[in-house]
Amino acid sequence: MTVTLADVAARAQVSPATVSRVLNGNYPVAASTRERVLRAVDELDYVLNGPASALAAATSDLVGILVNDIADPFFGIMASAIQGEIGGPGGRAGGERLAVVCNTGGSPERELTYLTLLQRQRAAAVVLTGGAMENEPHAAAVAAKLRRLGEAGTRIVLCGRPPAPDTSAIALTFDNRGGGRELTEHLIGLGHRRLGYIAGPEERTTTRHRLEGHRAALAAAGIEEDPRWTVHGRYDRRAGYEATLELLRRDPSLTAVVAANDSVALGACAALRDSGLRIPEDVSVAGFDDLPFSIDAVPSLTTVRLPLAEAGARAGRIAMGREEPPPGGIATVRGELMVRGSSGVPRG
């Protein structure tokens with residue numbers, strides 16, 4: 001037999017309207033009453049009709065988290081921290097919300113599809129993580145989706161992603177340019193003048209910003225960049241391995257390799273070892289992000305630490321309305337240079 005709202009009200013000895021208020025989270029209810037209602041919900045195994053309730057309310061209990069690749073620790077750490085902040089007072093069904101991680105695989109089409117699906121489900125909040133695509137038609141399409149979501153009452157937060165002008169999205173942006181510049185300045189300060197750079201996919205904002213920081217450091221030091229010194233690839237270990245072999249083929253005299261992220265840096269280290277080169281005695285290596293495995297690499301990686309968990313948690317709180325957005329809706333999250341064993345004074 002189906003349990004109804006009236007059954008819950010009878011068990012909790014309150015009116016059906018009070019049960020509705022507790023489950024919808026849209027009206028203040030005394031803590032003792034709320035506790036009685038939720039206990040009755042549990043005892044009767046009452047299931048709230050999500051779609052019908054969503055139609056009655058402005059938004060549902062759903063929170064969407066968009067990631068490029070959930071298997072990549074960069075995205076996994078942020079997604080976990082965001083999810084950890086979801087729930088508590090304010091949602092329906094006792095305040096709990098359902099987090100759905102949407103893995104785009106780097107596909108612009110999948111990103112738009114997920115935003116459409118979340119709009120149809122009247123998501124309470126949507127958090128988009130990581131860099132954006134460098135493609136004007138796609139950026140315009142995403143902005144249009146975000147505007148529609150915002151107009152429907154969905155809170156939108158961009159975590160580690162550039163701002164989206166003319167939308168209601170709150171942006172917590174990573175200072176990739178500043179981190180990229182500081183990392184290369186460190187290597188230049190050690191005496192390196194021939195630095196190979198393994199960049200990420202050309203169509204990503206993160207790629208461009210980190211590369212711009214690297215080039216700014218070279219220019220400030222009066223080092224003319226050789227076009228042979230930059231290779232683009234995916235943000236993974238295999239790409240780092242293959243790109244490093246290509247860099248060595250182009251210019252065997254390189255004394256340092258700067259990688260787009262730590263996974264790429266691990267691949268670079270493997271390629272250097274397989275080529276008979278020592279780290280850092282023959283070639284220094286640097287990464288970016290300070291992912292958990294970076295300190296355990298041999299030698300441990302010099303990198304830029306991004307506060308991924310902290311930024312994700314903050315994005316989650318803002319998405320849930322438990323923290324005020326930053327002034328102007330934009331905050332810059334800065335990284336910290338971590339100097340470790342993979343960088344040293346160049347040979348000779």
Side-chain angles (χ1 to χ4, degrees), residues 58-59 62-68 74-91 95 97 99 101-102 111 114-115 118-119 123-134 139-140 142-182 204-210 212-213 216 288-290 304-338:
T59 58
L62 189 69
V63 176
I65 304 170
L66 272 67
V67 301
N68 190 327
F74 177 88
F75 293 99
I77 291 169
M78 282 192 289
S80 176
I82 294 165
Q83 188 167 2
E85 295 294 332
I86 291 171
R97 297 191 188 273
V101 177
C102 306
E111 184 172 65
Y114 282 130
L115 290 175
L118 290 166
Q119 181 189 350
V126 174
V127 183
L128 295 87
T129 64
M133 293 286 294
E134 297 268 48
V142 169
K145 295 284 186 188
L146 297 184
R147 280 193 292 273
R148 285 194 284 272
L149 281 162
E151 289 164 0
T154 299
R155 289 194 184 94
I156 307 160
V157 184
L158 311 176
C159 185
R161 190 177 179 116
D166 302 319
T167 73
S168 61
I170 304 301
L172 306 179
T173 67
F174 292 150
D175 183 17
N176 286 306
R177 285 191 189 90
R181 178 166 184 156
E182 188 175 10
R204 288 280 165 186
T205 54
T206 300
T207 298
R208 177 167 61 85
H209 294 163
R210 292 181 182 183
E212 285 174 352
F288 208 110
D289 296 334
D290 195 28
V304 172
R305 172 181 290 170
L306 288 180
L308 300 174
E310 293 85 349
R314 185 181 182 189
R317 290 193 297 273
I318 293 172
M320 292 297 97
R322 292 203 295 272
E323 180 174 325
E324 287 295 314
I330 301 172
T332 300
V333 179
R334 305 193 186 281
E336 178 185 1
L337 177 65
M338 310 300 294

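Only this structure's heavy atoms are used, side chains among them; waters, hydrogens and symmetry mates stay out.
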* Structure fact -> On a heavy-atom basis, the closest approach of G335 and V304 is CA-CG1, 4.0 Å
* Asked: Does the T154 side chain pair with the main chain of A123, one donor and one acceptor, at a distance under 3.5 Å?
  -> yes
* Would you mind reporting whether I330 and P325 have side-chain heavy atoms less than 4.5 Å apart? => no
* To do: Could you tell me whether the side chain of R97 and the main chain of L62 form a donor-acceptor pair under 3.5 Å?
  => no
* All pairs passing side-chain hydrogen bond (donor to acceptor under 3.5 Å, both in side chains) where residues 162-171 contributes a residue, at least two apart -> none
* Report the distance from atom CG of L128 to atom NZ of K145, rounding to the nearest 0.5 Å. => 13.0 Å
* Asked: Which atoms form the tightest heavy-atom contact between I156 and G150, and what is the distance?
  -> CD1-N, 3.7 Å
* So L308 and F174, side-chain contact (heavy atoms from CB on, under 4.5 Å) or not? Walk me through it. -> CA-CA 9 Å; L308 300 174; F174 292 150; 3.8 Å; yes
* Structure fact -> Closest heavy-atom pair, I318 versus R155, reported as atoms and distance to 0.1 Å, is O-CD, 3.6 Å
* In chain order, what residues pass the side chain to side chain donor-acceptor pair (under 3.5 Å) check against D175, with sequence neighbours excluded? -> R334
* Asked: So do I65 and C102 actually touch side chain to side chain, heavy atoms under 4.5 Å?
  -> no
* Asked: What do the steps show when you test N68 against R204 for side-chain contact (heavy atoms from CB on, under 4.5 Å), and what is the final call?
  -> CA-CA 11 Å; N68 190 327; R204 288 280 165 186; 3.5 Å; yes
* To do: Rounded to the nearest 0.5 Å, what's the gap from CD on E151 to CG on L146? Could you check?
  => 11.0 Å
* To do: Show your reasoning for whether side-chain contact (heavy atoms from CB on, under 4.5 Å) applies to L115 and V142.
  => CA-CA 8 Å; L115 290 175; V142 169; 4.2 Å; yes
* Asked: Quick one: does R177's side chain get under 4.5 Å of R208's, heavy atoms only?
  -> yes
* **Worked check of side-chain contact (heavy atoms from CB on, under 4.5 Å) between L158 and V127** => CA-CA 6 Å; L158 311 176; V127 183; over 6 Å; no
* What's the verdict on salt bridge (Lys or Arg N to Asp or Glu O under 4.0 Å) for R161 and E111, showing C-alpha distance, side-chain angles and the deciding distance? -> CA-CA 14 Å; R161 190 177 179 116; E111 184 172 65; 3.1 Å; yes
* Asked: Any side-chain heavy atom of R210 within less than 4.5 Å of one from T206?
  -> yes
* To do: Flag the pair L306 / N176 as yes when at least one side-chain heavy-atom distance between them is below 4.5 Å, and no otherwise.
  => yes
* Residue pair R322 / E85, side-chain heavy-atom distance below 4.5 Å -> yes
* Asked: How far apart are the closest heavy atoms of A319 and A125, and which atoms are they?
  -> O-CB, 3.7 Å
* To do: Quickly, which of V101, L172, I82 forms a side-chain contact (heavy atoms from CB on, under 4.5 Å) with T129? Name it, please.
  => I82
* Asked: Is a side-chain N or O of T205 found less than 3.5 angstrom from the main chain of A132, in a donor-acceptor match?
  -> yes
* Structure fact -> Closest heavy-atom pair, A309 versus I77, reported as atoms and distance to 0.1 Å, is N-CG2, 3.7 Å
* Taking C-beta and beyond as the side chain, do V63 and L118 meet within less than 4.5 Å on heavy atoms? -> no
* **Which residues share a salt bridge (charged side-chain N to carboxylate O under 4.0 Å, His left out) with R147, sequence neighbours left out** => none
* Is any side-chain heavy atom of C159 closer than 4.5 Å to a side-chain heavy atom of R314? -> no
